[in-house]
Amino acid sequence: MSNPVVTQPAAGSYGTNVQTGQWSTGLCSCFSDLLVCAIGCCCPFALSCYTAHKYGENCCLGCLPGGPTAMRTHMRLTYGIEGTIINDALMTFCCGTCEVCRMAREIRIRNGEV
């Protein structure tokens, strides 16, 4: 009896399979997805919860201290995006709302929603 071979998906093999090593949009590219921009401007915590939920995490992760940093680090590693943990922490601390908007756009682009 032979064992079947199981192939696991590689990093970056989700959605549109963007494998450039970079984010699909820039930090200040909010107007490329007006829905995300509007939610991010009006209620950033709601966008953080939405982003965590769409990424498959508990929606509370987006509102916990350090949650967006953890989510950004995991997302970057999953999608094969270059960067460091310190960069993740600085981006979410200094540019929190813009960074959550970019993470939401990334998920929407990779899931083919935009």
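This chain uses plain numbering: 1 for the first residue, then up along the sequence. Both backbone and side-chain heavy atoms feed into the values below; hydrogens, waters and symmetry mates do not.
Heavy atoms from other residues, nucleotides or ligands lying under 6.0 Å from CG of L64 number more than 12.
Shown here for Y55 and H74, the closest heavy-atom pair between the two residues is OH-ND1, 2.7 Å. G62 and P68 get closest at one heavy-atom pair: O-CG, 3.6 Å. Shown here for C59 and C49, the closest heavy-atom pair between the two residues is O-SG, 3.2 Å.
Atom CG of residue L61 and atom CE of residue M71 lie 5.5 Å apart, to the nearest 0.5 angstrom. Atom OG1 of T97 sits about 13.0 Å away from atom CD1 of I39, to the nearest 0.5 Å. A distance of 8.0 Å separates OH of Y50 from CD1 of I107, quoted to the nearest 0.5 Å. Taken to the nearest 0.5 Å, the CZ atom of R76 stands 4.0 Å off from the CG atom of D88. Here the CD-OG1 distance, from E99 to T51, works out to 10.5 Å after rounding to the nearest 0.5 Å. S32 OG to R105 CZ: the interatomic distance, rounded to the nearest 0.5 Å, is 4.5 Å.
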Step by step, work out the side-chain contact (heavy atoms from CB on, under 4.5 Å) result for C37 and C101.
-> CA-CA 7 Å; C37 181; C101 286; 5.8 Å; no
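The closest donor-acceptor contact from the side chain of N111 to the backbone of E113 lies at 3.5 Å or more, if one exists at all.
Grouping the Ile, Leu, Val, Met, Phe, Trp and Tyr side chains by contacts below 4.5 angstrom, directly or via other members, places L47 with L35. Transitive grouping of hydrophobic side chains (ILVMFWY, heavy atoms separated by less than 4.5 Å) keeps V100 and M91 in distinct clusters.
Counted by atom type alone, E106 and S24 present one or more donor-acceptor pairs between their side chains at under 3.5 Å. Between the side chains of R72 and T92, no donor-acceptor pair of N or O atoms lies under 3.5 Å.
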